[in-house]
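Taking it in order: structure first as structure tokens, then the write-up.
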Amino acid sequence: TGTMQFEYTANNNRWEAAPGIPAAGGAEVSSATVVGTWRFNIAGMTRFRVRASAFTSGPVVVRINPSTATSNRFGSLSGGTITASNINAVRFCNQFAGADAGAKIAACIADLPATGGTVDARGLEGAQTIGSTLTLAGTKPVTLLMGNATYTFNAGIVTDNTVTGLKILCYGTTLKRGAAFADTLIYFGQPVTNLEIAGCTIDNNANANKAISIEHSASDVNIHNNRFTNQGAGMAVSFTAISGTRKRISVLDNYIESATGGSNVRAISIVDYGEDPQVNGNTIINTGAIVLEVGSGATSITRVEACGNHFKNVNGSNLMVRGYSGTTSAVSTFLICNNQFEDAGLVLGKGFIVVGENPGVAGPPVFSRVIVTGNIGRGWGATGTDNSIGIDVAGSTNAGDVQDVIIANNILDGRTAAGAQALTGYGIYVRNTNANVQVHDNILRYVGQAGIALAGVSAGTDTTQLNVHDNFIEL
């Protein structure tokens with residue numbers, strides 16, 4: 001005689017009442033005082049127990065057995081293994097009907113409530129196909145989990161509405177462009193807020209189209225820890241200025257490479273950014289540059305950070321921070337630090353870092369508080385022209401107005417990895433209307449024509465504000 005409590009825990013710490021259905025039918029109960037059999041759905045449980053909360057006399061015999069059971073909400077239980085299509089706000093895509101993986105994922109998303117949820121595609125393993133356009137429909141927040149599979153894209157992933165709270169998280173997943181697919185793999189043509197794409201291997205199949213493209217306003221976007229392989233001439237990550245501005249964009253710790261050799265196409269491009277872009281910790285090999293362009297849609301931008309990136313055999317200027325479409329925006333606080341450059345621009349004859357260049361025609365932007373420090377570069381440029389420059393402040397094309405500049409503690413070596421001197425150009429070049437420039441404690445070796453060059457600064461600048469000291473230069 002006694003009262004038995006049915007209980008479970010989901011975290012091995014806190015125990016909760018476990019509702020069970022009597023085998024003979026009836027309402028769910030979480031305790032019993034008589035002999036009987038009950039069925040329990042154990043989804044989300046790590047442990048299950050029967051506890052005596054009251055006891056008077058006699059033995060109590062409890063048997064807990066896995067058995068075959070069905071539920072029109074949760075799926076089935078067989079031999080202790082759960083097969084489910086729907087648990088609260090989680091949908092398991094391998095349990096949904098569809099001609100291919102793309103169709104199953106689309107069905108999962110459509111089945112989520114209006115408040116959003118998790119689309120778990122980790123049960124789709126091995127070779128998978130996205131045969132038709134996968135549209136991430138509506139505005140509900142979605143977390144898409146992808147597992148140990150290789151998805152061949154014969155069509156892309158697109159959005160049809162404003163996207164808020166979308167996450168695409170990969171766990172051993174390869175997203176591969178099909179040979180006949182000639183468009184962007186993952187395309188956002190509508191406003192994006194709170195977007196995360198992480199952990200994916202993206203094989204662009206040496207194509208000239210983009211891997212990830214956001215062509216509208218975007219804020220709080222984090223693209224990180226992805227591996228872009230076989231990139232070809234297409235951009236890996238592109239934010240363009242069709243509409244709106246981009247705010248709080250982070251592109252972090254991605255690996256981008258192409259097997260076809262150095263290219264002048266951008267690897268990462270953020271155009272018309274509004275505030276706080278961070279492009280840090282990326283590795284870029286045999287492909288294009290990182291380009292951050294201030295656009296006409298932004299009037300005042302603060303804190304631009306590009307640090308800890310590794311460039312190897314990247315043609316053209318490896319890291320560019322410049323104006324776009326003739327903007328006159330004011331941009332303040334640039335930190336360009338601790339980047340590593342190897343064998344840069346050996347075909348096109350350019351170098352490592354360009355800050356302040358403005359190829360537009362409406363007048364240069366104003367860049368202020370620019371810090372270029374701790375960068376290491378080896379082997380840049382191939383000609384003796386002004387384009388063959390390690391660190392170029394203000395640029396050569398309709399140059400920008402750059403103020404309050406510190407270039408310090410950088411190490412530049414003009415020799416290639418093989419030891420050959422690659423150029424007859426410049427190490428550090430500061431030009432045009434610059435004010436308050438400090439160039440100090442840099443090591444410049446085998447730079448060719450000049451270690452440090454100042455050009456055109458006296459026309460509009462108080463030259464007493466230029467301070468060049470304690471640099472080591474070996475031509």
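Since the structure is predicted, the reported quantities are computational estimates derived from the model, not experimental observations. Only this structure's heavy atoms are used, side chains among them; waters, hydrogens and symmetry mates stay out.
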| said: Within this structure, what is the OG1-CG distance for the pair T201 and L175, rounded to the nearest 0.5 Å? | reply: 8.0 Å
| query | Taking atom CG of D253 and atom CD1 of I223, what is their separation to the nearest 0.5 Å? | reply | 13.0 Å
| task | List the steps and the verdict of side-chain contact (heavy atoms from CB on, under 4.5 Å) for L136 and V142. | result | CA-CA 9 Å; L136 303 179; V142 174; 6.0 Å; no
| Do any N or O atoms from the side chain of N436 and from the backbone of D404 form a donor-acceptor pair under 3.5 angstrom? | no
Determine all donor-acceptor pairs shorter than 3.5 Å in which one atom belongs to a side chain in residues 438-445; sequence neighbours excluded.
from : atom 1 : to   : atom 2 : distance (Å)
Q438 : OE1    : N467 : ND2    : 3.4
N442 : OD1    : N409 : N      : 3.3
N442 : OD1    : N410 : N      : 3.0
N442 : OD1    : N410 : ND2    : 3.0
N442 : ND2    : I407 : O      : 3.1
N442 : ND2    : H440 : O      : 3.1
N442 : ND2    : N471 : OD1    : 2.9
R445 : NE     : E474 : OE1    : 2.9
R445 : NH2    : E474 : OE1    : 3.2

| request: Could you tell me whether a side-chain N or O of R91 sits under 3.5 Å from a main-chain N or O of D111, the two making a donor and an acceptor? | output: yes
| query | S132 and A155: which non-hydrogen atoms are nearest, and at how many Å? | reply | C-CB, 3.4 Å
| query | Got T373 and C337 here, is their nearest side-chain heavy-atom distance under 4.5 Å? | reply | yes
| note | Of all heavy-atom pairs linking G156 and F181, the shortest is N-CZ, 3.3 Å
| field | Test item: N318 side-chain N/O and A289 main-chain N/O as donor-acceptor pair under 3.5 Å | value | no
| field | Test item: Y187 and E215 side chains (from C-beta on) under 4.5 Å apart, heavy atoms | value | yes
| request: Using a strict 4.0 Å threshold on nitrogen-to-oxygen distance, state whether D220 and R248 make a salt bridge. | output: yes
| said: For C200 and T173: C-alpha separation, side-chain torsions, deciding distance, then whether side-chain contact (heavy atoms from CB on, under 4.5 Å) applies. | reply: CA-CA 6 Å; C200 306; T173 314; 5.6 Å; no
| message | Let's go through T229 and E257 carefully: what are the C-alpha distance in whole Å and the side-chain angles of both, what is the deciding distance for side-chain contact (heavy atoms from CB on, under 4.5 Å) to 0.1 Å, and is it a yes or a no? | response | CA-CA 5 Å; T229 65; E257 63 88 19; 3.4 Å; yes
| task | Answer yes if the side chains of N207 and N209 hold a donor-acceptor pair under 3.5 Å, and no otherwise. | result | yes
| message | Taking salt bridge (charged side-chain N to carboxylate O under 4.0 Å, His left out) as the cut-off, I'd like each qualifying pair that reaches into residues 179-189, sequence neighbours left out, listed once. | response | none
| query | Quick one: does V192's side chain get under 4.5 Å of H216's, heavy atoms only? | reply | no
| request: Mark yes or no for whether S250, through its side chain, and Q278, through its backbone, hold a donor-acceptor pair below 3.5 Å. | output: no
| What is the minimum heavy-atom distance between R177 and L185, and which atoms define it? | NH2-CG, 3.7 Å
| What are the two closest heavy atoms between I105 and M146, and how far apart are they? | CD1-CE, 4.4 Å
| said: Please report the interatomic distance CD1(I336) to CD1(I406), rounded to the nearest 0.5 Å. | reply: 13.0 Å
| Non-hydrogen side-chain atoms of I214 and V221 separated by less than 4.5 Å | yes
| query | Between A236 and A211, which heavy-atom pair has the shortest distance, and what is it? | reply | O-CB, 3.4 Å
| field | Y255 OH to H310 NE2 distance, which is reported to the nearest 0.5 Å | value | 9.5 Å
| query | So how far is it from N280 CG to E305 CD, rounded to the nearest 0.5 Å? | reply | 4.5 Å
| field | Close side-chain approach of L319 and N375, heavy atoms under 4.5 Å | value | no
| said: Using modelled atom types and a 3.5 Å cut-off, is there a donor and acceptor pairing between side-chain atoms of K140 and backbone atoms of L112? | reply: yes
| field | Nearest-0.5 Å distance that lies between atom CG in N225 and atom CD1 in I197 | value | 13.0 Å
| request: Check whether any side-chain heavy atom of N230 sits under 4.5 Å from a side-chain heavy atom of N205, and report yes or no. | output: yes
| query | Can you check side-chain contact (heavy atoms from CB on, under 4.5 Å) on N339 and F352, steps first, answer last? | reply | CA-CA 9 Å; N339 298 287; F352 300 142; over 6 Å; no
| query | Taking the side chain from N338 and the backbone from G308, do they hold a donor-acceptor pair closer than 3.5 Å? | reply | no
| Are any of the side-chain heavy atoms of Q340 and K312 separated by less than 4.5 Å? | no
| note | C108 and F92 have their tightest heavy-atom pair at SG-C, 3.8 Å
| query | Judged by atom type as modelled, is there a donor-acceptor pair below 3.5 Å linking the side chain of T135 to the main-chain atoms of T159? | reply | no
| Sole candidate of F228, F341, F311 that passes side chain to side chain contact (heavy atoms under 4.5 Å, CB included) when paired with I284 | F311
| Exam field: side chain D203 to backbone T174, donor-acceptor pair closer than 3.5 Å | no
| field | Close side-chain approach of I411 to D413, heavy-atom, < 4.5 Å | value | no
